[in-house]
2 protein chains.
Amino acid sequence: MRNFKPVKQPRISDVIFQQLKNAILANEFKAGDKLSSERDLSEQFQVSRVAVREAIRALENAGFVAIRQGLNGGAYVTDLTFEHLANACLDLFLSNKISIHELHHVRILIEPEVARLATLHTNPEWNERLLMAYKGEHPPGASLSEDIASATRVHFILAEICGNRFLEALVNSLLKLSRKIIEEIRPNPPSSIHPPGLHGPIVDAVLAGDADAAAEAMKTHAKIFYDNLVRVEKDYREHGSASYRLKDEARLQGGERL
Amino acid sequence: MRNFKPVKQPRISDVIFQQLKNAILANEFKAGDKLSSERDLSEQFQVSRVAVREAIRALENAGFVAIRQGLNGGAYVTDLTFEHLANACLDLFLSNKISIHELHHVRILIEPEVARLATLHTNPEWNERLLMAYKGEHPPGASLSEDIASATRVHFILAEICGNRFLEALVNSLLKLSRKIIEEIRPNPPSSIHPPGLHGPIVDAVLAGDADAAAEAMKTHAKIFYDNLVRVEKDYREHGSASYRLKDEARLQGGERL
DNA sequence: TTCAATCTAATGGTCTAACATTTACACGGT
DNA sequence: ACCGTGTAAATGTTAGACCATTAGATTGAA
């Protein structure tokens with residue numbers, strides 16, 4: 001006997017969202033191209049502006065377009081990145097669905113492999129960048145934010161070198177998560193968390209082209225960092241999540257888009 | 001000299017989104033609770049219904065609530081899951097930002113660790129489930145969809161057992177990605193991709209409590225599966241992505257929500 | 001009583017039409 | 001050449017109406 005599926009009216013905005021998304025995925029728009037205006041699209045689709053608007057907002061939330069206001073404003077197609085994945089992960093962490101322990105177990109699993117792969121893919125140009133990043137860590141007079149950024153740059157570069165964009169995305173998410181936790185929860189310099197020179201053995205091994213040593217050095221580093229991070233988590237638990245939320249709201253009031 | 005940040009008016013709907021999201025993350029709503037109706041909220045926030053509506057739709061897109069229509073309809077708070085992460089990954093794959101090779105490299109890295117952890121966390125009840133899943137693979141007369149589901153159940157159960165929800169989420173995403181590719185691109189039985197008995201060594205090792213053997217068996221399995229999947233990718237490249245997109249649209253017309 | 005058909009009201013979905021705000025750019029005066 | 005200023009095009013927001021969907025109350029017949 002046939003198994004009919006229940007019929008359910010899809011939302012108009014979802015249908016439009018699909019069509020636009022597929023057009024973008026099929027490369028009918030290059031990154032930087034502008035979609036037609038809401039009013040134009042509402043004529044083309046023969047629906048109200050509201051429906052089009054909701055579809056475009058969904059595209060924005062999914063990271064496909066960036067919306068600008070004003071003359072020459074509109075929905076500009078973006079290069080699909082992994083940014084919003086990291087944000088989604090952050091939400092999961094904040095809702096206590098992921099612990100720092102779980103997060104770090106994954107990191108200890110992944111980052112050594114990244115270091116290993118990176119070692120196999122290096123070339124003089126990359127080595128140069130890696131060394132520059134390492135030497136530029138903890139610049140004097142930097143703000144907390146800049147300091148953390150400089151201290152994690154080595155990780156990002158290795159992830160870029162490793163040649164696997166999925167791994168790169170994972171590392172990005174993991175680091176961003178760690179970083180946000182530190183930055184938001186503990187607003188004093190992270191020197192105790194990320195002491196200078198911690199990346200030395202990793203950089204040395206990569207530059208020397210020794211994949212196993214690089215992986216091992218990264219593993220050691222990740223474990224040390226983990227121990228430090230556990231202390232941060234303790235603080236986090238004591239303070240609760242209120243301070244984080246307040247900052248989140250303040251940033252939005254300041255005009256930052258989601 | 002002070003470094004003033006440019007002031008930018010945030011969207012009203014984004015401010016509301018933040019407030020609702022924070023309320024949910026702060027557990028002011030249990031899963032299953034209903035937010036007030038759009039009309040009520042628009043009075044509380046002193047904004048138009050449209051603004052509230054956009055905020056709620058954003059919550060839905062982010063996976064925080066499920067919207068139901070009709071009497072007793074509204075936005076119901078959901079248990080935040082990793083579902084939408086997998087969907088976002090799928091988009092990245094379709095936009096050729098991730099290759100099957102990269103995807104599988106990650107899988108070969110992660111799943112053995114999952115198998116290892118699972119072995120350390122088993123108990124009679126889990127073992128029973130695992131064995132049931134294994135024996136229930138490839139039921140006769142099943143549809144393609146059911147067949148694939150049965151063949152991947154062992155992986156999902158292991159991911160559940162392993163005790164790390166981040167790893168579990170990753171495995172879910174990876175498998176879902178593989179599955180979607182196979183299911184959508186190659187609409188004939190996957191027996192050649194997933195021959196019966198392939199999970200035997202893994203299940204045996206886990207039940208025997210041998211973590212190293214379990215990891216090794218999983219690694220071997222993943223590599224075999226990978227080789228098979230490469231063939232699928234070839235087909236995929238030949239057929240292009242058009243067939244996939246058509247199915248996507250058809251499903252939506254059938255009423256499935258995004 | 002029981003059950004099924006019908007009605008009802010609450011809620012999300014959609015539309016229209018207007019006005020507000022933002023912003024790149026052209027135009028003009030100095 | 002420069003600096004204001006206006007302008008137009010785009011998104012942002014509002015109000016109010018109506019449509020579609022749905023659970024539950026009401027009704028009525030067996």
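In what follows, every chain begins at residue 1, and chains take the letters A, B, ... in the order their sequences are listed. Basis for what follows: all heavy atoms, side chains included, without hydrogens, waters or symmetry-related copies.
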Interatomic distance where [atom1] belongs to [X] and [atom2] belongs to [N] [whole Å]:
X        : N       : atom1 : atom2 : value
Glu43(A) : dA17(C) : CD    : P     : 13 Å
Lys34(A) : dA24(C) : NZ    : P     : 13 Å
Ile67(A) : dT23(C) : CD1   : P     : 14 Å
Glu54(A) : dC15(C) : CD    : C1'   : 12 Å
Arg53(B) : dT14(D) : CZ    : P     : 15 Å
Leu41(A) : dC15(C) : CG    : P     : 14 Å
Arg57(B) : dT14(C) : CZ    : C1'   : 11 Å
Ile16(A) : dT14(C) : CD1   : P     : 9 Å

In 5'-to-3' order, the base (B), backbone-only (S) or no-contact (-) status of each nucleotide in nucleotides 18-25 of chain D, using a 4.0 angstrom heavy-atom cut-off, is B-BBBBS-

For a side chain to side chain contact (heavy atoms under 4.5 Å, CB included) check, start with the C-alpha distance between Tyr134(B) and Ile157(B), then their side-chain angles and the critical distance, and finish with the verdict.
CA-CA 10 Å; Tyr134(B) 175 58; Ile157(B) 291 178; over 6 Å; no

With a 4.0 Å cut-off on N to O distance, would you call [X] and [Y] a salt bridge?
X         : Y         : value
Arg57(A)  : Glu54(A)  : no
Arg165(B) : Glu168(B) : no
Glu160(A) : Arg129(A) : yes

In short, side chain to side chain donor-acceptor pair (under 3.5 Å) pairs touching residues 41-51 of chain A with sequence neighbours left out are Glu38(A)-Arg49(A)

Heavy atoms under 4.0 Å, any strand shown: does Ile56(B) hit a base, just sugar-phosphate, or nothing? nothing

Of dC15(C), dG12(C), dT14(D), the nucleotide closest to the side chain of Val47(B) is dT14(D)

Of the listed dT14(C), dG12(D), dA10(D), the closest approach to the Arg11(A) side chain comes from dT14(C)

Of all heavy-atom pairs linking Tyr76(A) and Gly32(A), the shortest is CD2-O, 3.4 Å

The residue, Asp40(B) or Ala51(A), whose nearest nucleotide of DNA chain C is more 5′ is Asp40(B)

